[in-house]
Participant: 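I am attaching a structure below and will ask some questions about it afterwards.
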Amino acid sequence: MLILSVIILISAALLFFISIFNFYINRKKQLSFQVQARQQELMSELSRNFISTEETTSLITDALRITGEFLNVQRIEIILKEENSDSCHVIYSWIKSSDVVVPSEIKGLNSLFSDAFPLEQPEQITAVCCGNTLAEKCFGVMDAAGAKAFIWVPLYVERRVWAVLSIEEFTPRAWARGDCDLAATVSSIIAAAVERNLREKERDSARQAAERASKAKSNFLANMSHEIRTPMNAIIGMTSIAKNSDDIGKKEYCLNKIENASTHLLGVINDILDMSKIEANKFELSPCEFYFEQTLQEIVNVINFKVEEKKQNFLVNIDKNIPEILYGDDQRLAQVITNLLSNAVKFTGEGGTLQLDAALEGKNDDICTLKIKVTDTGIGISGKQQERLFSSFSQADSSTSRKFGGTGLGLAISKQIVEMMGGSIRVESEIGKGAAFIFTVKLQEVASQMEEMDGKGDWSAVSVRGTDRDKQAFLNSAYRPLANCFEGKRMLLVEDMEINREVLISLLEPTGIKIDSADNGIAAVKRFAGAPDYYDIILMDIQMPEMDGYEATRQIRAIEADNSPEFTVGIPIIAMTANVFREDIEQCLAAGMNAHIGKPLALNELMGKLQNYL
């Protein structure tokens, strides 16, 4: 009986303890489920918050608060991982009470972050936990910042470490697995929100930039329409006046106005073509040997006419140390200087002063750095206007296009040219106190040939030195259409536009050259095939009906090769076309042409080519 009682008591005790144990286990599971449920609710709340349109900063701050209250910690921070520095900065934070301090900068964290987290986002993001910074000396930095326990989780934005989420307690604490999982989830939500915000900002920035560009180009097109129509109106109007007048003086006046308007119109077209080449990355330099002082003289001759019209003063200073002959793109250099001087004239009133200074700033072996400065006493440019002065499709002030005219492209093109020449350009100015444009370029010095030739140079080479008087006489007369200078020579002019043929024949009439015409490539090939030795030179248009200039040239070269198996040098063929891009020139040469002249024709260039080949 006693044994049975003992067994019953033991069984009852066991049942009691089992019941208690089951209750404890169930209670623990229940609490665990409650924690998980609360975590799920927390995640749902955070996710819902970040879907809202509220500002990202407020959403992040609110997420830190919710997480801090849930985990019952003292402080949560998002610490920005700095590049090239051992200091980190707190960019977002939450504190449990007002007496908790948030450090603005924490030194020594960057190296710890670099050791703890890979730079590129891994497949699995892991957290770093510390239950007692006093026990783990490597985390003394955090102890100095007041944290005795912490959880770190990296925030990867665009798959690179951007910052670290730091959950901190001010007394040692044993972190649960769920605490680390929660921190990792919160960091992922915040990182995703930051990345989305960055993309939205980039999208908004791109949209605003596109809108600004669209507006700038719309304004540019409006200015272009004005700039093109204005000289066209003058050309059409003056042509009508000249036709209806019997007064020779009045006709001469109209012709001068037509010439000025045509020159202006050509400048507008050239600016548009240059800018289109710049935007297509097809803008290139064409270097050659040139007389620097002569280039400046030609620029001055062009500008002087405008200067005299406004009764302005024009001073030119040239450093005697600048080499006489340089190697570079003289035409593009002249384009920059002419543009700056033209602007100086335009924005300076009557009686004002302009100054052009050219100096040798430095020299490394045979590479010379030239410093060119154009100064005026005009209206000046404000600091805000200077910020967009060298931008494409933009003027310092949109009102200037109405008051002074201009495309707004000249300075953008000039900046591109200067930088391609290894230099830079800047402006110094104040409103009402004029402006100074300063730029540098690198050009190569060309050694003198005069000493080698003992003063008996061949004046067909521009690079040969001589006395100033002899050199000036040569440069002034070398390309003039001298009377009967091509007497006895024969030219085949291939051009489909009758008016263009008429202009060229009239221009070359004083030279005595005999000119036959063909209005397309087929007719040109037939004429040449009938008498291959008859002509001395061919001027070949490119865009023509039936057969273009490229194919006509190839067939002419084939005829020459058939007639002479040992053919090496054939008749000179010069492209005469409005296709003036570098690739157009290269295509002409590849087809078998010898040279290229752009339209509208420059008589000096044409005469130079004819003298070279005839």
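Bear in mind the structure is a predicted one, so any value in this text is a computation, not a measurement. These values consider heavy atoms only, across backbone and side chains, with no hydrogens, waters or symmetry-generated copies.
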Participant: Does any pair with a residue in residues 93-145 pass ring pair (Phe, Tyr, Trp, His ring centres under 6.0 Å), and if so which ones, sequence neighbours excluded?
Facilitator: Phe113-Trp152, Phe139-Phe150, Phe139-Trp152
Participant: Is Asp204 salt-bridged to Arg207, cutoff N-O under 4.0 Å?
Facilitator: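 Result for this pair is yes, salt bridge flagged.
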Participant: In this structure, are over 12 heavy atoms from other groups packed under 6.0 Å from Glu200 atom CD?
Facilitator: yes
Participant: Using the rule side-chain contact (heavy atoms from CB on, under 4.5 Å), only one of Ile76, Val102, Val100 pairs with Ser93; which is it?
Facilitator: Val102
Participant: Are Glu169 and Asn72 side-chain neighbours, meaning at least one heavy-atom pair lies under 4.5 Å?
Facilitator: no
Participant: Would a 4.5 Å heavy-atom cut-off, applied to side chains only, mark Glu361 and Cys368 as touching?
Facilitator: no
Participant: Quick one, Arg75 and Ile167 - any side-chain contact, counting heavy atoms below 4.5 Å?
Facilitator: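 Result no, sub-4.5 Å side-chain heavy-atom pair not found.
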Participant: Indicate yes or no: at least one non-hydrogen side-chain atom of Leu315 is less than 4.5 angstrom from one of Leu354.
Facilitator: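 SC-SC contact between Leu315 and Leu354 ruled out.
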Participant: For the residue pair Asp357 and Gln355, confirm or rule out a side-chain donor-acceptor distance under 3.5 Å.
Facilitator: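 Judged by distance alone, the side chains do pair up.
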Participant: Check the surroundings of atom CD in Gln331: do more than 12 heavy atoms from other residues, nucleotides or ligands lie under 6.0 Å from it?
Facilitator: no
Participant: Does CZ in Arg203 sit with more than 12 non-hydrogen atoms of other residues, nucleotides or ligands closer than 6.0 Å?
Facilitator: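 Counting other residues, nucleotides and ligands, CZ of Arg203 exceeds 12 neighbours.
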Participant: Would you mind reporting whether Met421 and Leu285 have side-chain heavy atoms less than 4.5 Å apart?
Facilitator: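 When only atoms from C-beta onward are counted, Met421 and Leu285 do touch, with a gap below 4.5 Å.
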Participant: Does a side-chain heavy-atom distance below 4.5 Å link Thr375 with Leu356?
Facilitator: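 No, side chains not in contact.
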Participant: Taking all non-hydrogen atoms of both residues into account, name the closest pair between Phe170 and Gly146 and its distance.
Facilitator: CD2-O, 3.2 Å
Participant: Any salt bridge (Lys or Arg N to Asp or Glu O under 4.0 Å) involving residues 418-437? Give me the pairs, sequence neighbours left out, ordered by first then second residue.
Facilitator: Lys415-Glu419, Arg426-Glu428, Glu430-Lys433
Participant: Ion pair present between Glu350 and Lys310, side-chain N to carboxylate O less than 4.0 angstrom?
Facilitator: no
Participant: Under the side-chain hydrogen bond (donor to acceptor under 3.5 Å, both in side chains) rule, what do Lys442 and Thr369 come out as? Steps first, then yes or no, please.
Facilitator: CA-CA 5 Å; Lys442 295 184 185 298; Thr369 300; 3.2 Å; yes
Participant: State the CD1-CG distance between Ile381 and Asn343, to the nearest 0.5 angstrom.
Facilitator: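 Those atoms lie 8.5 Å apart.
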Participant: Got a donor-acceptor contact below 3.5 angstrom from the Asp329 side chain to the Arg332 backbone?
Facilitator: yes
Participant: With a 4.5 Å limit on heavy-atom distance, are the side chains of Pro122 and Gln124 in contact?
Facilitator: no
